[in-house]
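Sequence positions, counted from 1, serve as the residue numbers for this chain.
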Amino acid sequence: MTKNWLKRGTRNMVILIDTNVALDFLTMRHPYYEDAQNVIRMCAEERVIGYLAFHSLPNIFYILRKSHSETDRRKMLIKLCLVLKVTGASHERVCNAIDNNEFSDFEDCLQDECAQEVSADYIVTRNARDFRHSKVKAVTPREILAMIESNV
C-alpha cells in the first residue's frame with residue numbers, strides 16, 4: 001500500500017531517525033553525510049515530522065566523547081533537538097523490547113518500539129536489514145528522500 005502524505009488534507013509523514021543517521025549528520029561522516037543532511041533538512045522544513053529516540057541522545061553523547069568536548073556535544077544535541085522531536089517508549093513497549101529476541105541488537109528493538117510509540121511510518125537507518133523483524137518499516141536515507149521527493 002502506497003501512502004500519499006504531502007497532499008492537502010493528509011498528515012505529514014512521520015519518521016524516526018536512527019542513531020547512525022543522526023551521527024552521520026552531526027559528524028559530517030562521508031559518504032553518508034549528504035543524505036543524512038537532506039533528511040534532517042526535510043524535518044527542519046517540516047516536510048516530514050522527524051523523531052529521535054530518547055536513548056539515542058546518551059548514545060550519541062558517549063560515542064562523540066573522544067572527538068568532541070562536552071560543551072560541543074551538548075551544543076550538537078541541542079541543535080538536533082531543535083529539528084527533531086524526542087520520543088521515548090512506554091513501560092509496556094520497553095518490556096516488549098526486553099522480551100523480543102528476534103532482533104540481534106537490543107538498541108534496534110528499542111528504536112522500533114519508539115517508532116511505534118509515535119506511529120512512525122518509517123525508521124530511517126543505514127542498516128535497514130537489521131530491522132527485518134521491525135513492526136515499523138526501515139528504509140535508508142536515500143530511499144526516504146526519494147519517497148518525499150515523489151510526493152512533492
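The shortest heavy-atom contact between Y122 and M13 is CD1-SD, 4.0 Å. Nearest heavy atoms, V21 versus V124: CG2-O, 3.5 Å. Closest of all the heavy-atom pairs between A89 and E117 is CA-OE1, 3.8 Å. Contact detail for N12 and E46: the closest heavy-atom pair is ND2-O, 2.9 Å. For the residue pair A120 and L16, the shortest heavy atom distance occurs at CB-N, 4.3 Å. Heavy-atom minimum distance, T125 versus A138: CG2-CB, 3.9 Å.
Under the 30°/60° scheme for interplanar angles, the aromatic rings of F103 and H133 are found to stand perpendicular.
In this structure, CE on M42 lies 5.5 Å from CD1 on I148, to the nearest 0.5 angstrom. Summarising the geometry, atom NE2 belonging to H55 is positioned 10.5 Å from atom OG1 belonging to T87; distances are rounded to the nearest 0.5 Å. The CG atom of L80 sits 8.5 Å away from the CD1 atom of I17 when rounded to the nearest 0.5 Å. Going from atom CD1 of I123 over to atom CG of D112 covers 4.5 Å, rounded to the nearest 0.5 Å. Atom-to-atom distance recorded for K135:NZ and N96:CG is 7.0 Å, nearest 0.5 angstrom. Taking CG from D35 and OH from Y32, the interatomic distance works out to 10.5 Å, rounded to the nearest 0.5 Å.
The shortest distance between side-chain heavy atoms of V83 and L52 does not fall below 4.5 Å. S56 places a side-chain heavy atom less than 4.5 Å from the side chain of E107. Residues I15 and D121 have side chains not in contact (no heavy-atom distance under 4.5 Å, counting atoms from C-beta outward). Looking at heavy atoms from C-beta onward, H68 lies out of side-chain contact with L26 at the 4.5 angstrom threshold. For the pair R126 and R29, the minimum side-chain heavy-atom distance is below 4.5 Å. Side-chain contact between D24 and P141: absent, with no pair of heavy atoms (C-beta onward) separated by less than 4.5 Å. Contact of the F61 side chain with the E70 side chain is registered, since non-hydrogen atoms from C-beta on lie closer than 4.5 Å.
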Inset, instruction - In sequence, state the C-alpha distance, the side-chain angles, and the governing distance for V86 and C81, and then conclude on side chain to side chain contact (heavy atoms under 4.5 Å, CB included). - result: CA-CA 7 Å; V86 176; C81 289; 3.7 Å; yes
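In the displayed structure, E45 atom CD is contacted under 6.0 Å by more than 12 heavy atoms of other residues, nucleotides or ligands. More than 12 heavy atoms of other shown residues, nucleotides or ligands fall within 6.0 angstrom of atom CZ in F106. Other residues, nucleotides and ligands contribute more than 12 heavy atoms inside 6.0 Å of the NE2 atom of H30.
Using modelled atom types, one side-chain atom of R65 and one backbone atom of Y62 make a donor-acceptor pair closer than 3.5 Å.
Listed by chain and residue number, R41 satisfy the side-chain hydrogen bond (donor to acceptor under 3.5 Å, both in side chains) test with N38 (two or more places apart in sequence, or in another chain). The side-chain hydrogen bond (donor to acceptor under 3.5 Å, both in side chains) check on E102 picks up nothing, with sequence neighbours excluded.
Transitive grouping of hydrophobic side chains (ILVMFWY, heavy atoms separated by less than 4.5 Å) brings I40 and L64 into a common cluster. Hydrophobic clustering (ILVMFWY, side-chain heavy atoms < 4.5 Å, transitive): F54 and L77 are in one cluster. Hydrophobic cluster membership differs between F131 and I98, with clusters built from Ile, Leu, Val, Met, Phe, Trp and Tyr side chains linked at under 4.5 angstrom. Note on L110 and V118: separate hydrophobic clusters, where clusters join Ile, Leu, Val, Met, Phe, Trp and Tyr whose side-chain heavy atoms are under 4.5 Å apart, directly or indirectly.
Of the N and O atoms on the side chains of S134 and Q111, not one donor lies less than 3.5 Å from an acceptor on the other residue. Between the side chains of D130 and S104, no donor N or O sits under 3.5 Å from an acceptor N or O.
The pair R142-E34 fails the salt-bridge criterion, with no side-chain N (NZ, NE, NH1 or NH2) lying under 4.0 Å from an Asp/Glu carboxylate O.
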